[in-house]
Amino acid sequence: MSENHEAAVPAPGATRLTLVSDCGNCFGLCCVALAYAASADFAINKPAGKPCPNLQQDFRCGIHRDLRGRGFQGCTVYDCFGAGQKVSQQTFEGRDWRTAPETAASMFEVFPVMRQLHELLWYVTEALALPKARPVHAELRAALEETEAFTALAPEALADLDVPAHRDKANKLLLKASELVRADFKGKKKDRRGADLMGAKLKGADLRGANLRGAFLIAADLRGADLRMADLIGADFRDARLSGADLNEAFFLTQAQLNAAKGDATTKLPPSLARPAHWWT
């Protein structure tokens, strides 16, 4: 999965620059530490801890330019939120698992933990950029500082960290922020949290201020839909059709969600996110 991420323009935020994947400073951790099964997203089976056969000695992907054509669509969707370079260059101080094989097991164990922490940092940073969430900004800043402190822990401490408990605490703040932002849409709000909307016909739908947290929007037709001020945290956009959709003011939307969807030049996006390269092909 190395080198796969389309660059995003960082939005204002204390940690935003560290939350964008920098594959050039990572030891190909997503290509080694993670497991995947042969499917529509991956051409082969690969167990955790085993390097992908496409990973080169310099930790770059040998088929980066043709991942989708070679059956590795899942690689073009994955995003580590900058966890890869953090583990490679800070947690393990630039020692890579090839030249220092004694670090491999610990490095591969820590990487998924760091990825969860960096994803949480992304969401908290997003919430701090929402003016209407100001009533909870102080609590969000405290959560940001605590999460950042966790990312600086030694490998052994990171491996023992109770990430679900920390995420649950922070998620309560993110939900409060969401409610504050969407408060102007009383009477129009649609609570579709966790809803099964796979293949749903939502062309031109007014979804302003909707709660779509964790909604399954796989292959949904959202062409021309208005998703401004919608909470999209954890929504599954795999193969969702977004041509002409307005996501410009949607929040908690990530690059990975866009990479999984199908849009085009008419899709309106938040300025902090990039239009995926495969939307043009």
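Everything numeric in this text was worked out from a predicted model, so none of it was measured.
Interatomic distance, CG of Asn211 versus CG of Asp191, reported as 4.5 Å (0.5 Å rounding). Atoms CG and CG, on Asp239 and Asp221 in that order, are 12.5 Å from each other to the nearest 0.5 Å. Rounding to the nearest 0.5 angstrom, the gap separating the OG atom in Ser272 from the CD atom in Glu126 is 5.0 Å. Summarising the geometry, atom CG belonging to Leu197 is positioned 10.0 Å from atom CZ belonging to Phe216; distances are rounded to the nearest 0.5 Å. Annotation: the span from Arg98 atom CZ to Thr103 atom OG1 amounts to 12.0 Å, rounded to 0.5 Å. From Glu139, atom CD reaches atom CG of Leu144 across 13.5 Å, with rounding to the nearest 0.5 Å.
Looking at every heavy atom in both residues, Lys262 comes nearest to Trp279 through CA-NE1, 3.9 Å. The shortest non-hydrogen separation linking Thr147 to His166 is OG1-NE2, 2.7 Å. In plain terms, the two heavy atoms of Lys46 and Val32 that are nearest each other are NZ-O, 2.9 Å. Ala33 and Ala48 get closest at one heavy-atom pair: O-CB, 3.2 Å. Closest heavy-atom contact between Arg192 and Leu212: CB-CD2, 3.6 Å. Pairing each heavy atom of Ala43 with each of Arg70, the nearest pair is CB-O, 3.6 Å.
Judged purely by distance below 3.5 Å, without hydrogens or angles, the side chains of Asp22 and Asn25 pair a donor atom with an acceptor atom. No hydrogens or angles considered: a donor-acceptor pair under 3.5 Å links the side chains of Thr151 and Lys86. A donor-acceptor pair shorter than 3.5 Å cannot be found between the side chains of His278 and Thr76.
Transitive grouping of hydrophobic side chains (ILVMFWY, heavy atoms separated by less than 4.5 Å) keeps Ile218 and Leu242 in distinct clusters. No continuous path of hydrophobic side-chain contacts links Phe252 to Leu175 [ILVMFWY only; heavy atoms under 4.5 Å]. Residues Val136 and Trp122 are members of one and the same hydrophobic cluster, defined by side-chain heavy-atom contacts under 4.5 angstrom among Ile, Leu, Val, Met, Phe, Trp and Tyr.
Within the 3.5 Å criterion, the main-chain N or O of Thr254 finds a donor-acceptor partner in the side chain of Gln257. The closest donor-acceptor contact from the side chain of Asp196 to the backbone of Met198 lies under 3.5 Å. Looking at His118, its side chain never comes within 3.5 Å of a backbone N or O of Leu19 through a donor-acceptor pair. Without hydrogens or angle criteria, Thr267 side chain to Ala265 main chain gives no donor-acceptor distance under 3.5 Å. Remark: side-chain polar atoms of Ser39 are paired, donor with acceptor, to backbone N or O of Asp41 under 3.5 angstrom. No donor-acceptor pair closer than 3.5 Å links the side chain of Asn45 to the backbone N or O of Ala37. Remark: side-chain polar atoms of Ser88 are paired, donor with acceptor, to backbone N or O of Phe27 under 3.5 angstrom. A donor-acceptor pair is defined here as one N or O able to donate and one able to accept, closer than 3.5 Å; such a pair exists between the side chain of Lys190 and the backbone of Asp206. Checking side-chain atoms of Gln89 against main-chain N and O of Cys26 turns up no donor-acceptor pair under 3.5 Å. Although no hydrogens or angles enter the test, the distance criterion places no donor-acceptor pair under 3.5 Å between the side chain of Arg167 and the main chain of Leu120.
The side-chain heavy atoms of Asn248 and Leu269, taken from C-beta on, include no pair separated by under 4.5 Å. When side chains are defined from C-beta on, Asn54 does not count as touching Leu67, because their heavy atoms never get closer than 4.5 Å. Using a 4.5 Å heavy-atom cutoff, the side chains of Lys132 and Asp184 are in contact. At a threshold of 4.5 Å between non-hydrogen side-chain atoms, the residues Glu249 and Arg208 do not count as touching. Using a 4.5 Å cut-off on side-chain heavy atoms (C-beta onward), Phe111 and Leu34 make contact. Side-chain contact between Asn171 and Leu174 is present, with at least one heavy-atom pair separated by less than 4.5 Å. Between Cys30 and Cys80 the shortest side-chain heavy-atom distance does not fall below 4.5 Å. Using a 4.5 Å cut-off on side-chain heavy atoms (C-beta onward), Leu153 and Asp160 make no contact.
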Residue pair Leu202, Arg223: steps toward the side chain to side chain contact (heavy atoms under 4.5 Å, CB included) verdict:
CA-CA 7 Å; Leu202 297 168; Arg223 289 176 296 168; over 6 Å; no

Any chance you could lay out the side chain to side chain contact (heavy atoms under 4.5 Å, CB included) test for Phe81 and Leu121, step after step, and finish with the verdict?
CA-CA 9 Å; Phe81 296 94; Leu121 284 173; over 6 Å; no

Do Asp264 and Thr266 pass the side chain to side chain donor-acceptor pair (under 3.5 Å) test, and can you show the C-alpha distance, the side-chain angles, and the key distance before you say yes or no?
CA-CA 5 Å; Asp264 60 19; Thr266 66; 2.5 Å; yes

Taking it one step at a time, do Leu253 and Leu273 satisfy side chain to side chain contact (heavy atoms under 4.5 Å, CB included)?
CA-CA 9 Å; Leu253 178 67; Leu273 299 176; 3.8 Å; yes

Would Arg95 and Thr99 count as a side chain to side chain contact (heavy atoms under 4.5 Å, CB included) here? Give the steps.
CA-CA 7 Å; Arg95 293 172 296 158; Thr99 58; 5.9 Å; no

Chi angles and distances behind the salt bridge (charged side-chain N to carboxylate O under 4.0 Å, His left out) call for Glu145, Arg141
CA-CA 6 Å; Glu145 291 172 3; Arg141 278 191 290 270; over 6 Å; no

What side-chain donor-acceptor pairs closer than 3.5 Å can you find for residues 225-238, not counting sequence neighbours?
unit_1, atom_1, unit_2, atom_2, d
Asp226, OD1, Arg228, N, 3.2
Asp226, OD1, Arg228, NE, 2.9
Asp226, OD2, Arg228, NE, 3.2
Asp226, OD2, Arg228, NH2, 2.6
Asp231, OD1, Ile233, N, 3.1
Asp231, OD2, Ser178, OG, 2.7
Asp231, OD2, Arg213, NE, 2.6
Asp236, OD1, Arg238, N, 3.1
Asp236, OD1, Arg238, NE, 3.0
Asp236, OD2, Arg238, NE, 3.1
Asp236, OD2, Arg238, NH2, 2.7

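For an aromatic pair to be called close, the ring centres must be under 6.0 Å apart, and Phe108 with Trp97 satisfies this.
Heavy atoms of other residues, nucleotides or ligands lying less than 6.0 angstrom from CZ of Arg134 number 12 at most.
Ring geometry for Phe72 against Tyr36 counts as perpendicular: the plane angle is over 60°, on a 0 to 90° scale with 30° as the lower cut.
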